[in-house]
Amino acid sequence: MALTKSRSRMTAGAPVNVLDYGAVGDGVTDDTASFQLAADVGGSILVPAGNYKIVGEVIFGSNTTLQVDNGVVFTMDCSGENGRGLMFRHAVNSGIRGDFIINASATSIGTDGSKNSCIQFGCDAGDGSPSITQYCFVSGNVKVSISGAVNVKGVYLCGWVEDTVVENVTVTGMTNYAITAHWTSDVAAGLLPTKTWHAQNITMRNCTIYQTPGINTLRGFTFSASGRVVLDNCYSDCQTLCYNLFVGDYGYTYVQNITQDQAFNFVVSNSHMTGEGGFSIDCISAAVGGSPVWDGRAHKASVLVDGLEVDANTHATGLSFGITGLDTGVFNNIKLYSENVTHTREFFYPQLCNQIQVTNSTFKHHLYMRLRTTDYVLVDGCHISKPTPTPNVTSFNITIEGVTSAIITNSTIKDARVGVYSVDNFSKTIRIVNNTIENIGVAVADINYCTLLTITANTFNNFCTTTTSAVISGIYIDVGVFGFVIANNVFGANSAQYLIRANTATNGVIHGNLFQFINTGASNDAAVLRNIVGTPNVYIDPNTNILGTGVTLTYPP
């Protein structure tokens, strides 16, 4: 009777109160059916203070806003095939506002990967004909805590979800994917689809993800085949991955709602990450089940990171930044710190990309930046060093492998065995320009396999400090270098046997340098250049190079 009277008092367009539909809010009574009755009416739905038990899912349609009072608690059981909590299926202009808490758990999970979430927008992963979910939102101050033995997603965007904003959400606890988006397809998971639908124009703002001690599977922000996503002022503390931007599975090979060239454009700004998890970008799909490979290099895939602070002290084996298949990646104002001497992976590793730029960034790490198999790489205005100031025999600052054009400029590079190191994979052009490279155990530059090497306008200080080998030099140009210019550099204090050593390299010019100091206590000590037999056409200008007292230009081969 009370329910009938409550309904009779309502007028068209008036806010709906879940209490008028039988919700109790005592944390014990199952309020799911009452919430569903209110959701069926739609419009503005009021949720007064209380603890509401939700079992399974409540489905909201279009033009619906859940207005949640401050201090509301949702106790959610997200188990089974329909464990999707607050579900906005094929909704337009709908969402949740308020400051509230979700305490969620599950005892079982659904079969298709699109179930078991606290807040979900979109549809099922196997929905073969979805309608758009658009202009939806979560805002306020939402705290999601997930416990139990089964993973539950915090916020989930599935399929054709566009123009949606998730802000001021904190997720912690037992969740494999804390805040995530995934495509949907026209066939069941595990089979080859012919059509897929994807999230795009998504904004995540002021969101925070925390690792629960002992829960090792937590992924923070994860996007599988999403396009045009903004992450602003977010924080992720995760064991597995903090920011996981990847095409995944079938990717854009069967995309329906956007073009392939609109795919995979991400902006990450003013954000933070810590914990064991890293920042992963993979723009080449895996051709799962025989699907075509989608390669981001051919489809303008881009990532702009402008302001990201990384505490990598707990890293042991993982990459801080793993990057594959981007057309354009711009990384500006990165601050990465790690004092973990046992870390076994590079801190920044792009490969198979068209263009990578790293600017105005600070990297303090025991290992090195590895630039690999990319057309163009620019490192500009960066500070790269080890946490401890004493270089050892195992560390590098920057390594270059198979890069068409690498430019290292306007940077400070210090506290390692080798400043810039080029290894077996051929690079065409390496330019090391206007840097300060100092406190280096062996060589400021050790270059192998390069078509054209330019080292100009740099300052080198305190190098070759940890070796007594008679073949070690400040700049070591070895096999496979077919042309080099060393010009207008300043060579300061050092312990080198030779300042420059050319070994089987060809066609070199050395001019306009200031050689202030050479190690007078070393064997063969008075020579700037050690030119090995088999290194033809190397010219060292006797007029423009300036020599310190007692220094000669060359040591006979």
Side-chain angles (χ1 to χ4, degrees), residues 378-380 398 400 405-413 418-422 427-438 440 442-464 471-520 522 524-557:
L378 171 67
V379 177
D380 180 36
I398 300 174
I400 302 170
S405 178
I407 301 174
I408 316 297
T409 186
N410 303 316
S411 296
T412 298
I413 300 168
V418 176
V420 180
Y421 180 45
S422 171
S427 295
K428 290 186 177 179
T429 302
I430 297 175
R431 298 182 62 211
I432 304 170
V433 181
N434 199 36
N435 303 285
T436 297
I437 304 180
E438 60 188 6
I440 301 297
V442 183
V444 295
D446 185 347
I447 308 299
N448 306 267
Y449 302 102
C450 174
T451 304
L452 179 61
L453 169 66
T454 302
I455 302 177
T456 60
N458 302 282
T459 298
F460 305 123
N461 273 312
N462 197 33
F463 53 91
C464 295
V471 300
I472 294 300
S473 62
I475 295 176
Y476 188 52
I477 305 170
D478 205 348
V479 62
V481 177
F482 298 109
F484 63 89
V485 176
I486 301 173
N488 304 316
N489 302 287
V490 176
F491 291 78
N494 66 88
S495 300
Q497 308 302 314
Y498 309 99
L499 296 180
I500 303 169
R501 185 173 188 268
N503 182 22
T504 73
T506 61
N507 303 318
V509 176
I510 301 171
H511 69 89
N513 301 282
L514 173 58
F515 299 105
Q516 292 179 320
F517 177 84
I518 199 162
N519 180 10
T520 58
N524 307 322
D525 56 89
V528 167
L529 173 68
R530 171 63 158 152
N531 189 11
I532 306 300
V533 174
T535 307
N537 303 321
V538 176
Y539 174 68
I540 180 166
D541 190 341
N543 299 312
T544 60
N545 291 292
I546 300 174
L547 307 179
T549 303
V551 177
T552 61
L553 288 177
T554 61
Y555 180 81

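One-based numbering along the sequence shown. All values below come from the heavy atoms of this structure, side chains included, with hydrogens, waters and symmetry mates left out.
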Inset, instruction - Give, for atom CD1 of Ile432 and atom CD1 of Ile398, the distance between the pair rounded to the nearest 0.5 Å. - result: 8.0 Å
Legend entry - Phe515 and Asn489, any side-chain heavy atoms less than 4.5 Å apart: no
Legend entry - Considering all heavy atoms, the nearest Ser495-Cys464 contact: CB-O, 3.0 Å
Legend entry - Exam field: side chain Asp446 to backbone Val444, donor-acceptor pair closer than 3.5 Å: no
Legend entry - Nearest heavy-atom neighbours spanning Ser473 and Ala443: O-CB, 3.5 Å
Inset, instruction - For the pair Asn494 (side chain) and Asn462 (backbone), establish whether a donor and an acceptor sit closer than 3.5 Å, ignoring hydrogens and angles. - result: no
Legend entry - Contact check, side chains of Phe463 and Leu499, non-hydrogen atoms, under 4.5 Å: yes
Inset, instruction - Could you grab the distance from atom CD1 of Ile437 to atom CD1 of Ile413, nearest 0.5 Å is fine? - result: 4.5 Å
Inset, instruction - May I ask you to test the Ile455-Phe460 pair for a side-chain heavy-atom distance under 4.5 Å? - result: yes
Inset, instruction - Please name all residues satisfying side chain to side chain donor-acceptor pair (under 3.5 Å) with Asp380, sequence neighbours left out, ordered by chain then number. - result: Asn410
Legend entry - Stepwise side-chain contact (heavy atoms from CB on, under 4.5 Å) test for Leu514 and Val490: CA-CA 5 Å; Leu514 173 58; Val490 176; 4.2 Å; yes
Legend entry - Any side-chain heavy-atom pair of Phe491 and Ile500 under 4.5 Å: yes
Inset, instruction - Report yes if some heavy atom in the side chain of Thr409 is under 4.5 Å from a heavy atom in the side chain of Leu378; otherwise report no. - result: yes
Inset, instruction - List for me each residue that meets side chain to side chain donor-acceptor pair (under 3.5 Å) alongside Asn435, sequence neighbours excluded, and say none if there are none. - result: Asn458
Legend entry - Residues that Thr544 engages under side chain to side chain donor-acceptor pair (under 3.5 Å), provided they are two or more places apart: Asp541
Inset, instruction - Give, for atom CD1 of Ile475 and atom CD1 of Ile510, the distance between the pair rounded to the nearest 0.5 Å. - result: 8.0 Å
Inset, instruction - To the nearest 0.5 angstrom, please state how far the NE2 atom of His511 sits from the CD1 atom of Ile540. - result: 11.0 Å
Legend entry - From Thr451 atom OG1 to Asn507 atom CG, the distance as rounded to the nearest 0.5 Å: 11.5 Å
Legend entry - Spacing of OG1 belonging to Thr456 relative to CG belonging to Asn513, to within rounding of 0.5 Å: 9.5 Å
